[in-house]
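Here the structure is laid out as structure tokens; the discussion comes afterwards.
Throughout, a chain's letter reflects where its sequence line sits, starting with A, and its residues are numbered from 1.
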Amino acid sequence: MTSADLSFAKHQADTLFRRKRLIGFGVPAVILAYFAYIVFAFDLPGLAQRANLDNAVTLASDSWSHKVHVTRDNRSGAITYAFEGERKGTYPDGQRPDWVSGDEVITINLGAGHLVRYLPGNRTEIDVPGFPLIKVQAEGRSLTSNLPEDLPKWISASNRRIAVNTPEGRITLTGARSEVFKYFPGWELFWFTLDSPYHGQSLTQILFGAQIDPARGNITGALSDFWNNPMWRHKDVAWAIGETILMAFLGTMGAAMIALPLAFLAAKRFSPIMLLRGTTRRLFDFLRGVDALIWTVVLARAFGPGPLTGALAILITDTGTFGKIFSEALENVDQKQIEGVVSTGAKPLQRYRFGVIPQVVPVLLAQILYFLESNTRSATIIGAITGGGIGLMLTQAIQTQKDWEEVAYYITLIVVMVMFMDWASGWLRGKLIGRKD
Amino acid sequence: MADFSLSGAPHSVDDIQSSYMAQVQRRRLYGGLTLLIFVVLMVSGFNVADARNAGGFWDGLRRIFDYPADVLSEAWEKRADLPGLMAKYFPALVETLNIAAVSTLIGALGGLILSLLGTRGLAKWPRLIPVFRRTSDIMRAVPEIVIALMLIFVLGGGPVPAMIAIAIHTAGALGKMFSEVAENADLKPLEGLASTGATWAQRMWLGILPQVAPNYLSYALLRFEINIRASAILGFVGAGGLGYELRNAMAWGPGRFDEAAAIFILLFGTIVFFDQLSSRYRNRLTEGQGQ
């Protein structure tokens, strides 16, 4: 008897152990096999070829530094000095950086003994310490130079284009133009552009010093020049952030307002008609299943690009999500409170208002606030697709593939915005329904 | 004696009633004010959004069904082609699912490590708890699209940038949720294990993971659902998979709407399927824990 029982128990324990062992080895094995499949499905070996490390270097260095271009147009002989080579960052006529000197012969001092000279007759001389003086003559579309056959890695040369990369700066010469880039740390012209009288003034001078611009007071003038900075577009960026938060706010709150009454229809407790209940639930499933991406695409066709489209896409998707969450919360309300309210002679609406709503409000508010934060992130992404808010500015900046300092700026702002919304929704949750636990 | 209490009682009831009414009134005032602010915010927000949108709300509302109707009618005309088109886009769907699955696996692993290192009582280096918490906060705060777009610039288009981007976000999001679960874990098994001289990794593996595994799995499944959607969206900005095909199909415009319709159907079906599947498993996991 007992021995039979024992052997049975042992048999059971053995099976259990065998199964556990199988899972213990099987699950990691399956995951490993899956990863091996992915390595080939995603073509990871080929990734090394497709990856462009130069791009990574540009991205990393440009995001925290900027360059000033000194450009000579070889046809007209005109020389321009511009931050990032942009027209918005061009030095006004008669002004130039202090590391450029000379009139007939323009000498550009890149630092550490690196000199570039623009000579008359479209000649250029590049003086790099430890390397013979490079002389280049531009004629029409071609270049002639004294460069030897075997070049070091930091020089690339053909008869059309010569590029010299030094740690102090970069020089690119073609028949049409000669360009020198000098790098500086930091974000250029972040506060004021060169045409603003406040450029180069210290904060104390602007706040307490003598009036700089005779037409305007210092503080108002400085604020307006900062706000309308054409390089960094602080005004547009602020609007874009506002649009993104607006999308999230309108979408989340609108969805909650639509979903609440519908949730009553979907909850078994409050909606005795099965057909109606089923229809509402399928509607929620449909709205959620179609997904924000498809809604965005469809709505963008009707409403055009902008924050409203994004808000509506969030609204429609979240109506489905909220409907599901709310109706689940409504299923779980305590019947006793409703009975208590009924015993005072409350009508159906009052029953909902005083018996049901107070029970579910904490759950609903917590969910709404959580979604408000998460939708700020969604709004950034949706904005990139439909064209509105900070998401659009970010994609545009990334697509130009050169304004990486602006990309870094936008990313910082996005992260700060999301963390702020996270904090604000947590704070509001604490105020409205008390800390949890 | 009786006289005193009789004369005192009505007075205090009046007092209580009037102070109660005053409180109710103040409450109503605050409630009304909050509601008013909310309504003003909604209305003005709507107006601002409407004004900054390319097309107006009321104008667009009439045209909202034009595009779906066009797509559906064209898809209906060419309904014989739909199965073939779906088969054509099936590999893209698999890629989208693969992106979601791999990034969920990697993200869950990262989230697990972040949560164990960032939870009081469990952390290997208690002084570094804030570091790991902030790390997971920041990973959570960066939208996937930011990392994806930058990686597309460096690595070129394809599934890998999307995978890395989603994995980073997932690690941050799961790190927070996992750590909330781990905070409530029973620490006694840890003490027992520590008394046998177990290392930190052994203590976590044998003492904590068995306790939190059902919840962790349930959260990871929920993330998988979310990540399918995210990976479709990232495809739209150039990271491969179904979203990328959708953007191309959309760019062709009328005449190729059947392709867009096939992709819509695939995406919708997949999302609904995995939602149902994961919600079933999640229910089972959390129920099993309740018993």
*Neighbours of chain A found in residues 137-147 of chain B - heavy atoms under 4.5 Å*: B:Asp137, B:Ile138, B:Arg140, B:Ala141, B:Val142, B:Pro143, B:Glu144, B:Ile145, B:Val146

_Distance (rounded to the nearest 0.5 Å) between B:Asn98 CG and A:Tyr37 OH_ = 4.0 Å

*Main-chain N/O of A:Phe303 paired to B:Asn53 side chain as donor or acceptor, under 3.5 Å*: yes

*Interatomic spacing from CZ in B:Phe46 to CG in A:Leu246 - rounded to 0.5 Å*: 10.5 Å

*chain A heavy atoms under 4.5 Å from B:Tyr67: which part of the residue, side chain, backbone, both or neither?*
side chain

*Mind checking what makes ring pair (Phe, Tyr, Trp, His ring centres under 6.0 Å) contact with B:Phe65, not counting sequence neighbours?*
none

*Please determine, among B:Gly156, B:Pro159, B:Gly243, the option with the most heavy-atom pairs under 4.5 Å with chain A.*
B:Pro159

*Strictly under 6.0 Å, is that where the ring centroids of B:Phe153 and A:Trp404 end up?*
yes

_Just verifying a value: how many Å separate B:Met150 CE and A:Leu394 CG, rounded to the nearest 0.5 Å?_
9.0 Å

_Between B:Phe236 and A:Thr296, is there a side-chain heavy-atom distance shorter than 4.5 Å?_
no

_Using a strict threshold of under 4.0 Å (side-chain N to carboxylate O), is an ion pair present between A:Arg301 and B:Asp66?_
no

*Supply the atom-to-atom distance B:Asp50 CG to A:Leu308 CG, rounded to the nearest 0.5 angstrom.*
5.5 Å

_Counting heavy-atom pairs under 4.5 Å with chain A, which one of B:Leu149, B:Asp59, B:Val272 comes out on top?_
B:Leu149

*asked:* Using a 4.5 angstrom heavy-atom cutoff, name the option from B:Asp275, B:Ile106, B:Leu155 with the most pairs to chain A.
replied: B:Leu155

*asked:* What's the separation between atom CZ in A:Arg288 and atom CZ in B:Phe268, rounded to the nearest 0.5 Å?
replied: 10.0 Å

*asked:* If I take atom CD1 from residue A:Ile385 and atom CD1 from residue B:Ile233, how far apart are they, to the nearest 0.5 angstrom?
replied: 5.0 Å

